[in-house]
2 protein chains.
Amino acid sequence: MYLTQKSIYAIQALIFIALNNSGEFVPIREISNKLNIPFHFLTKILQVLSKQQIIETCRGPSGGVRLRQDPNQISIEQIILSIDGDRLFSECILKLPDCGNSKPCPLHDLFAPIREELQKMLSNTMLALLVKMVRDNQVKLTSVTQVQDFFPGQKQTKKPDHS
Amino acid sequence: MYLTQKSIYAIQALIFIALNNSGEFVPIREISNKLNIPFHFLTKILQVLSKQQIIETCRGPSGGVRLRQDPNQISIEQIILSIDGDRLFSECILKLPDCGNSKPCPLHDLFAPIREELQKMLSNTMLALLVKMVRDNQVKLTSVTQVQDFFPGQKQTKKPDHS
DNA sequence: TCGATTTCGGAGTCTTTTATCTTATTTGGC
DNA sequence: GCCAAATAAGATAAAAGACTCCGAAATCGA
Ligand code: SF4
Ligand code: SF4
C-alpha cells in the first residue's frame with residue numbers, strides 16, 4: 001500500500017473541505033458522513049493537519065474545520081508528509097537493514113529515479129487541481145455520490161464550461 | 001511500504017540462492033542465518049515460491065532449495081507477483097471504494113504512468129542482474145556481510161572483470 | 001531398520017494499524 | 001447562567017501483518 005489509510009482520508013477530507021471553501025467551518029461529522037470516513041479516526045487526522053497549520057478548527061455550535069491556506073498553495077506531497085512523514089519518499093523497495101547512499105542495495109539506482117518522479121508529481125499537484133476536477137465532475141470523490149449531492153443548493157457556482 | 005516484508009525476504013533469499021547456483025540444494029536454515037530472516041517465516045515464503053515453480057525443494061539431509069529456472073528468466077516483478085499479487089501494480093494511491101478505469105479518481109491520470117513505469121522497471125530487471133551486482137561487490141546484500149563471507153572458499157568463480 | 005536432518009503445514013502469538021467508545025473542554029445562543 | 005453542539009483527548013477493541021511453535025512427512029546415511 002502506497003499511502004496509509006490516514007493519508008488517504010486526509011486527502012479526501014481536504015478536497016471535501018476545499019469544495020466548501022466559503023469561509024464557513026465544515027463540521028467533521030458532515031465530512032465523516034458524506035465521505036464514509038470513521039468519525040473519531042477522522043478527528044485525530046484533522047488534529048494533525050491543524051497542528052501543521054493546514055487547517056484551522058473551531059469548537060462549539062457552527063464550529064468545524066476550514067482551510068488555513070490557499071488550496072493553490074497546498075500540495076498533495078505536503079499532506080502526505082504531514083500525516084505519514086517522508087516514508088514514501090525515503091524508504092527503499094528492498095529495505096536492507098543498513099542501507100543508505102553509501103551502501104546502495106541492488107535496486108537502488110533503478111528505483112530511486114522513480115521514487116523521485118513520484119515525489120515531484122505529488123509536490124507539483126496542488127489541492128486546488130483536485131478540487132477543480134471534482135467540481136467539474138471529471139472525476140468522483142466517492143463511489144456513488146456526485147458533487148451536487150454534497151451541496152444541493154449550490155450546483156456549480158463556477159460557470160459551467162460545457163453543455 | 002511498497003513491498004510486504006514477505007516479498008522483500010523472497011527477493012533477498014532468491015539472490016542468495018542464485019549466488020550458490022552450483023546445482024546443490026541450499027538449506028533454508030543457512031539462508032535464514034546468513035541473511036537474518038526469521039526461519040519459520042522464510043519457510044512459508046519459499047513454499048509459495050516452490051508452488052510457483054520458481055524454486056524446487058528437497059527434504060532430508062543435504063536437502064534444501066534451489067532455483068528451478070534460469071536467473072536470467074526470473075524477473076523481480078515475477079517474484080513480487082508470486083508473493084504479494086498485483087497489489088503494487090493495480091492499487092491506486094487514493095483507493096476510492098469503487099474506483100476503476102470507468103470512474104477514475106482525481107489522481108488517476110497522474111499516478112497511473114508512474115505505476116506503469118515501476119512495473120516496467122521491475123519486469124525488465126532479472127534476478128541475474130542483482131546477483132551479478134552482489135557478486136562483483138558493487139552492492140551489498142546485507143548490512144555488514146560481503147559475498148566472500150557467504151562462500152569463503154569460492155571467491156569469484158567467474159573471471160574477475162577488473163583489477 | 002533406525003535415527004538424524006530437513007522441508008511441510010497448520011495453529012497460535014505478537015505487534016502495528018485501523019476503528020470505536022467514552023469522557024472532557026470549548027463555543028455560541030437563549 | 002444554562003443548554004446544546006461541536007472538537008479534544010485518552011482508553012479500548014478489532015483487523016491485518018509479521019513472526020513463532022509444534023507435530024508430521026520425507027530423505028539420507030549408517
Ligand atoms: S540502497 Fe536504495 S534501494 Fe536499497 S534499500 Fe537503500 S534506499 Fe532502498
Ligand atoms: S481511479 Fe486510479 S488513482 Fe483513483 S483509486 Fe482508482 S486506480 Fe487509484
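So that the names make sense, note that chain A is the first sequence line, chain B the second, and so on, each numbered from 1.
Following rounding to the nearest Å, Tyr9(A) (OH) and dT17(C) (P) show an atom-to-atom distance of 15 Å. Rounded to an integer number of Å, the gap from CD1 of Ile45(A) to C1' of dT20(C) is 14 Å. Note: CE (Met1(B)) to P (dT17(C)) measures 8 Å, nearest angstrom. Atom CD of Glu24(B) and atom P of dT6(C) are 14 Å apart (whole Å). Taking atom CZ on Phe41(B) and atom P on dA11(C), their separation rounds to 18 Å, with Å as the unit. Computed from coordinates, the Ile28(B) CD1 to dC8(C) C1' distance equals 9 Å when rounded to whole Å. Going from atom CD1 of Ile31(B) over to atom P of dT6(C) covers 12 Å, rounded to whole Å. Per the geometry, CZ belonging to Phe25(A) stands 13 Å off C1' belonging to dG28(C), to the nearest Å.
Counting distance only, with no hydrogens placed and no angle test, the side-chain atoms of His40(A) and the base atoms of dT18(C) include no donor-acceptor pair under 3.5 Å.
Connection of Ile37(A) to Phe39(A) is established within a shared hydrophobic cluster, with ILVMFWY side chains joined at heavy-atom distances below 4.5 Å, either directly or through further cluster members. By the criterion of side-chain heavy atoms lying less than 4.5 angstrom apart, applied directly or through intervening Ile, Leu, Val, Met, Phe, Trp or Tyr residues, Phe111(B) is not grouped with Met126(A); the two fall into different hydrophobic clusters. Transitive grouping of hydrophobic side chains (ILVMFWY, heavy atoms separated by less than 4.5 Å) brings Ile76(A) and Val48(A) into a common cluster. The cluster map of Ile, Leu, Val, Met, Phe, Trp and Tyr, joined by side-chain heavy atoms under 4.5 Å apart, puts Tyr9(B) and Leu67(B) in the same cluster. Taking hydrophobic clusters as Ile, Leu, Val, Met, Phe, Trp and Tyr residues chained together by side-chain heavy-atom distances below 4.5 Å, Leu3(B) does not share a cluster with Met1(B).
Within residues 46-63 of chain A, the residues having any heavy atom closer than 4.0 Å to DNA chain C are, in order of number, Arg59(A), Gly60(A), Pro61(A).
Judged by distance alone, the side chain of Tyr2(A) and the main-chain N or O of Leu88(B) form a donor-acceptor pair under 3.5 Å. Judged by distance alone, with hydrogens and angles left aside, the side-chain atoms of Thr43(A) form a donor-acceptor pair with the main-chain N or O of His40(A) at under 3.5 Å.
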> Under the side-chain hydrogen bond (donor to acceptor under 3.5 Å, both in side chains) criterion, do Gln69(A) and Gln53(A) qualify, and how do the steps go?
Replying inline: CA-CA 8 Å; Gln69(A) 302 176 20; Gln53(A) 308 292 319; over 6 Å; no
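Here Lys6(B) lies out of heavy-atom contact (under 4.0 Å) with every strand.
Taking a cutoff of 4.0 Å between a charged side-chain nitrogen and a carboxylate oxygen, Glu24(B) and Arg66(B) do not qualify as a salt bridge.
Counting 5' to 3', DNA chain D first comes under 4.0 angstrom of a heavy atom of chain B and last does so at the ends given by dA18(D) to dC28(D).
For Pro27(B), the side-chain atoms get nearest to dT7(C) when compared with the rest of dT7(C), dT20(C), dG10(C).
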